[in-house]
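Accompanying notes for the structure given below.
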Amino acid sequence: MVAFKLGALFVAAAGFVMANAAVYAADAPNLNDPKIAKYVAGDKWSGYVTSTPETRKMQDDDFENPSFVWVDQARALWDKVDGKAGKSCASCHGEVEKLKGASTTYPKFVDKHNDLITVEHQIGICRTKYMEADAWKWEGDQMLGMSALVRLQSRGMPVNVSIDGKNKPFYEKGREFYYQRRGHFDFSCAHCHVDNYGNMIRSELLSHGMPNGFPQYRLKWQKLGSMHRRFRGCNKNTRAEPYKQGSPEYTALELYTMWRASGLPVETPAVRK
Ligand code: HEC
Ligand code: HEC
């Protein structure tokens with residue numbers, strides 16, 4: 001049934017370095033290194049921990065991180081008047097720095113919009129409803145850059161989503177999705193990111209599949225990409241049906257995976273292979 005070959009299970013975090021040494025001597029993450037320890041919260045690691053030293057280095061330095069091309073474009077867009085209402089983001093929000101901390105609680109149920117919404121949904125509402133401007137495509141450069149700029153204001157702050165109140169049914173839906181086997185290979189998200197993190201799958205070292213660094217720059221994509229694009233990729237890799245970016249399915253899944261990442265720092269814009 002399973003066409004993937006999973007390596008020997010690496011024990012707990014502490015055993016990682018030793019167990020991994022033979023396979024990946026050069027790349028083995030040292031969880032005691034203070035730089036890496038920042039990306040560990042309890043028993044959860046961000047993908048930074050399982051990244052290659054090369055991509056970690058790119059992420060550590062904003063001048064080397066290619067994401068900042070999009071982020072800098074978004075800084076200019078923040079002040080740009082657009083749409084029939086004659087407003088820019090700054091007209092209503094002032095300095096973008098004021099959004100510090102805001103993204104850590106998304107996705108969340110917003111009464112006014114009567115739905116669970118992500119940062120991208122909110123930006124879309126501000127564009128179309130409040131500015132009366134054209135909608136930005138979810139995976140377009142403007143939306144990716146703006147989402148990254150907004151989330152960057154919270155970089156280093158712990159992910160802090162709520163799974164109570166009106167968020168609860170969405171959390172449950174997301175959790176169900178996460179554990180549901182699907183596709184030709186009959187894999188759930190949990191098969192790879194809960195049961196096999198630290199193992200090799202094909203040529204990749206599996207992480208916990210954490211969402212705290214999106215939008216992120218992937219060398220494979222050669223551009224910034226959204227979290228929902230990554231969800232699509234993981235669904236497609238197991239030949240399961242992918243959903244649309246921004247769909248209710250992936251928005252609920254975003255809440256569940258963000259809850260898993262509770263306490264990990266926002267690291268947008270991350271860099272990954
Ligand atoms: C067959 C194994 C497999 C399955 C099943 C799978 N993924 Fe992944 N996923 C990967 C691999 C490989 C990567 C890239 C290396 C890594 O970070 O684990 C990845 C990366 C990710 C990342 C990016 C992590 C980062 O730090 O950038 C997220 C988020 C993610 N997966 C979420 C999911 C979700 C949600 C599901 C279920 C819809 C899922 N994955 C199912 C293999 C899988
Ligand atoms: C006409 C005023 C107005 C403009 C222009 C506007 N917004 Fe908003 N924005 C709001 C209001 C009001 C809210 C509160 C939620 C709501 O009512 O939808 C909000 C909420 C937000 C939030 C969530 C903040 C939080 O604390 O949770 C983000 C992020 C955001 N806007 C981004 C943008 C971006 C990016 C632009 C420009 C593309 C923009 N907004 C333009 C009025 C505006």
Side-chain angles (χ1 to χ4, degrees), residues 1-4 6 9-10 13 39-50 103-109 115-121 138 151 158-199 201-202 204-216 218 225-268 270 272:
M1 177 228 35
V2 176
F4 300 106
L6 298 170
L9 193 73
F10 296 128
Y39 298 96
V40 176
D43 59 354
K44 300 281 167 49
W45 315 334
S46 108
Y48 182 93
V49 174
T50 42
S103 78
T104 60
T105 58
Y106 283 78
K108 66 170 155 204
F109 191 94
D115 208 352
L116 185 80
I117 62 167
T118 62
V119 169
E120 288 79 6
H121 288 119
W138 193 277
R151 293 177 196 258
V159 171
N160 185 28
V161 292
S162 164
I163 58 168
D164 300 326
K166 290 183 181 168
N167 282 7
K168 195 164 183 220
F170 296 94
Y171 161 81
E172 277 159 5
K173 205 176 134 196
R175 187 178 191 284
E176 203 182 298
F177 192 112
Y178 201 83
Y179 283 91
Q180 173 86 55
R181 290 164 170 270
R182 57 186 76 232
H184 179 73
F185 292 119
D186 211 24
F187 268 30
S188 70
C189 312
H191 274 116
C192 285
H193 295 299
V194 176
D195 300 338
N196 281 294
Y197 66 84
N199 284 338
I201 187 161
R202 294 186 176 138
E204 291 191 274
L205 184 56
L206 278 169
S207 73
H208 293 241
M210 290 303 186
N212 55 312
F214 289 89
Q216 68 173 215
R218 275 189 82 193
S226 74
M227 187 191 313
H228 295 191
R229 178 173 183 189
R230 178 79 238 200
F231 290 168
R232 284 176 65 81
C234 281
N235 273 156
K236 285 195 224 156
N237 282 345
T238 54
R239 302 218 207 118
E241 179 202 352
Y243 292 83
K244 283 207 178 103
Q245 277 103 324
S247 61
E249 288 81 5
Y250 281 174
T251 302
L253 188 59
E254 177 169 340
L255 178 60
Y256 180 70
T257 55
M258 277 295 196
W259 173 78
R260 288 188 76 227
S262 296
L264 285 173
V266 173
E267 58 181 273
T268 307
R272 300 285 188 266

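The chain is numbered in sequence order, starting from 1.
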Original post:
Do His121 and Thr118 come within less than 4.5 Å of each other through their side chains, counting heavy atoms only?
Top reply: yes
**OP:** Indicate yes or no: at least one non-hydrogen side-chain atom of Tyr171 is less than 4.5 angstrom from one of Val161.
**Re:** no
Quick one: [atom1] on [X] to [atom2] on [Y], what's the gap to the nearest 0.5 Å?
X      : Y      : atom1 : atom2 : answer
Lys44  : Leu264 : NZ    : CG    : 8.0 Å
Phe170 : Ile117 : CZ    : CD1   : 11.0 Å
Asn160 : Tyr106 : CG    : OH    : 13.0 Å
Ser103 : Lys108 : OG    : NZ    : 9.5 Å
Glu120 : Thr251 : CD    : OG1   : 9.0 Å
Arg232 : Glu241 : CZ    : CD    : 9.5 Å

[X] (side chain) donor-acceptor with [Y] (main chain) under 3.5 angstrom:
X      : Y      : result
Asn167 : Phe109 : yes
Arg260 : His208 : yes
Thr104 : Val159 : no

**OP:** Report the C-alpha separation of Arg230 and Glu254 in whole Å, then their side-chain angles, then the decisive distance to 0.1 Å, and conclude whether the salt bridge (charged side-chain N to carboxylate O under 4.0 Å, His left out) test is met.
**Re:** CA-CA 11 Å; Arg230 178 79 238 200; Glu254 177 169 340; over 6 Å; no
**OP:** Using a cut-off of 6.0 Å, state whether more than 12 heavy atoms not belonging to Glu176 lie near its atom CD.
**Re:** no
Please report the shortest heavy-atom distance between [X] and [Y], naming the atom on each side.
X      : Y      : result
Asp186 : Arg181 : O-NH1, 3.1 Å
Thr268 : Pro215 : CG2-O, 3.6 Å
Leu206 : Thr50  : O-CG2, 3.9 Å
Gly225 : Phe214 : O-CD2, 3.8 Å
Ser207 : Gly47  : CB-CA, 4.0 Å
Gly246 : His228 : N-ND1, 2.9 Å

Original post:
Should the ring pair Tyr256 and Tyr178 be called parallel, tilted or perpendicular, given that the plane angle runs from 0 to 90° and is split at 30 and 60?
Top reply: tilted
Subject >> Plane angle bin for Tyr250 and Phe231 - parallel if under 30°, tilted between 30 and 60°, otherwise perpendicular >> reply: perpendicular
Original post:
Is the gap between the ring centers of Phe177 and Tyr243 under 6.0 Å?
Top reply: yes
Original post:
Between Glu267 and Ser46, is any side-chain donor less than 3.5 angstrom from a side-chain acceptor?
Top reply: yes
**OP:** Could you go through the side chain to side chain contact (heavy atoms under 4.5 Å, CB included) check for Phe187 and Asn237 one step at a time?
**Re:** CA-CA 10 Å; Phe187 268 30; Asn237 282 345; over 6 Å; no
**OP:** Quick one: do Cys234 and His193 satisfy side chain to side chain contact (heavy atoms under 4.5 Å, CB included)? Show the steps, please.
**Re:** CA-CA 11 Å; Cys234 281; His193 295 299; 4.3 Å; yes
Original post:
Passes side chain to side chain contact (heavy atoms under 4.5 Å, CB included), Phe185 versus Arg239? Steps please.
Top reply: CA-CA 7 Å; Phe185 292 119; Arg239 302 218 207 118; 4.2 Å; yes
